[in-house]
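Reviewing the structure listed below.
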There are 2 protein chains.
Amino acid sequence: MPDTLSQTFSALADPTRRAMLARLSRGEASISDLGEPFRKRMSLPAITKHVKVLERAGLIIKARRAQQRPCKLNPEALKDVANWMEQYRQYWEESFDRLDAYLKTVTAAANEPKKGDPDEHAK
Amino acid sequence: MPDTLSQTFSALADPTRRAMLARLSRGEASISDLGEPFRKRMSLPAITKHVKVLERAGLIIKARRAQQRPCKLNPEALKDVANWMEQYRQYWEESFDRLDAYLKTVTAAANEPKKGDPDEHAK
DNA sequence: GCATTATATAACCAACAAGTTAATTAACCA
DNA sequence: TGGTTAATTAACTTGTTGGTTATATAATGC
């Protein structure tokens, strides 16, 4: 299913493409710049395909200057991922299993002291 | 390539699986609980496969209680994603195109005032 | 022991992803 | 005009994903 977020996550699910993004986080780069670290391992068409995946996922923007195709990061897709992640922040943050979990237990008990709540885990 | 982060992103690249995670963020759930919203659309084996993908990606932890397999979120994988995202925070945050970009231009100009810098975007 | 409930496995299929080589387009340069 | 550089397209192969149906396992309850 080609919903935007799925496309973005799927584009990120490849170390070559993540390396390309890392490269772009240090500045604009052409296709061959982006591919250079992989040229021993893979052909140029493979590289342009990876770039195209990043582009279709909205993670980069490709321009044209002479024969080159200078690429840069597009914040939009990254922002979408960050927004999606937000809803899970409490789960990965250090304090969750300790203070935060404790606080939720306390407030839940105060609001609704009934036992066997199906949402037990959410505390 | 089955590096952990790629597996995690690839597990997230599916709306069914993201919906399952959303369900789990509101509390523990069994396989059939997780699958219930999709039972009109897909078979049970398809559902257990999705759950298995989430499990192998480290996004959930599956226990056993009688015939059920109660699942819960595993913060570890989410934390890995969040950590990876951190390096791009500046790109998606509101202020980037404005203040931050401006500040980088200024400091770059102070250090190296030459024009047509190939790293222009990084400023 | 037997039926029921919950989940898992096997075998299969269609669609897609990631790579290849070979050929093509497009811009620049002399 | 012709050559070089940068990137793309085409055609193909191979492996993986996401689904199916049918069958099997495993724990519970009578």
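Lettering follows sequence order; numbering is per chain, from 1. Atom set for the values below is all heavy atoms of this structure, side chains included, hydrogens, waters and symmetry mates excluded. On a predicted model such as this, the values are computed, not experimentally measured, just so you know.
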Nucleotide D:dA6, atom P - distance to NZ of A:K62 in whole Å: 16 Å
Heavy-atom side-chain contact between B:R39 and B:L44 under 4.5 Å: yes
When the nearest nucleotide of DNA chain C is assigned to A:L44 and to A:A66 on a heavy-atom basis, which residue is associated with the more 5' position? A:L44
Determine yes or no for a side-chain-to-main-chain donor-acceptor pair under 3.5 angstrom, with B:R17 supplying the side chain and B:L12 the backbone. no
Which nucleotide wins on minimum distance to the side chain of B:M42, given the candidates C:dA6, D:dA7, D:dT20? D:dT20
D:dG19 OP1/OP2 closer than 4.0 Å to side-chain N/O of B:S43: no
Taking the minimum atom-to-atom distance to the side chain of B:A46, which one of D:dG18, D:dG19, D:dT5 wins? D:dG19
Base, sugar-phosphate or nothing for B:S30? Non-hydrogen atoms, less than 4.0 Å. sugar-phosphate
Euclidean distance, atom CG of residue A:L54 to atom P of D:dA7 [Å, nearest integer]: 15 Å
By nearest heavy atom, map B:R69 and A:D14 onto DNA chain C; which one lands nearer the 5' end? B:R69
How long is the line joining CD of B:E55 and C1' of C:dA8, in whole Å? 12 Å
State, yes or no, whether a side-chain contact exists between A:I60 and A:M20 at a heavy-atom distance under 4.5 Å. no
Out of C:dT7, C:dT21, C:dC28, minimum distance to the side chain of B:Q68 belongs to C:dT7
Interatomic distance, B:L12 CG vs D:dG18 C1' [rounded to whole Å]: 17 Å
Examine D:dG19: is either OP1 or OP2 under 4.0 Å from a nitrogen or oxygen in the side chain of B:R41? Give yes or no. no
Check the distance between D:dA7's C1' and A:R65's CZ and give it to me in whole angstrom. 15 Å
Separation of atom CD1 in A:I31 from atom P in C:dA26, rounded to whole Å: 16 Å
It should be established whether A:H50 places a side-chain nitrogen or oxygen under 4.0 Å from OP1 or OP2 of nucleotide C:dG19. yes
In whole Å, what is the span from the CG atom of A:D33 to the P atom of D:dT5? 16 Å
Note: A:E55-A:K52 ion pair, threshold 4.0 Å (strictly below): no
Please tabulate the protein-to-nucleotide N/O contacts below 3.5 Å involving nucleotides 9-14 of chain D, giving atom names and distances.
residue : atom : partner : partner atom : Å
D:dT9   : OP2  : A:K52   : NZ           : 2.7

Shared hydrophobic cluster, B:L73 / B:V53 (ILVMFWY, side-chain heavy atoms < 4.5 Å): no
Could you give me the CA-CA distance, side-chain angles and deciding distance for B:D80 and B:T8, then say whether side-chain contact (heavy atoms from CB on, under 4.5 Å) is met? CA-CA 9 Å; B:D80 290 347; B:T8 305; 5.7 Å; no
Check every strand shown and say whether A:I47 touches a base, only sugar-phosphate, or nothing at a heavy-atom separation below 4.0 Å. nothing
Under a 4.5 Å side-chain heavy-atom rule over Ile, Leu, Val, Met, Phe, Trp and Tyr, are A:L59 and A:I61 clustered together? no
Looking only at the side chain of B:S32 (C-beta and beyond, no hydrogens), which of the listed nucleotides C:dT7, D:dA6, D:dA27 gets closest? C:dT7
Quick check on the hydrophobic clustering: are A:L21 and A:I47 connected, directly or via other members, by side-chain heavy-atom contacts under 4.5 Å? yes
Does B:R17 put a side-chain nitrogen or oxygen below 4.0 Å from OP1 or OP2 of D:dG18? yes
Please give, in whole Å, the distance from D:dT8 C1' to A:Q67 CD? 14 Å
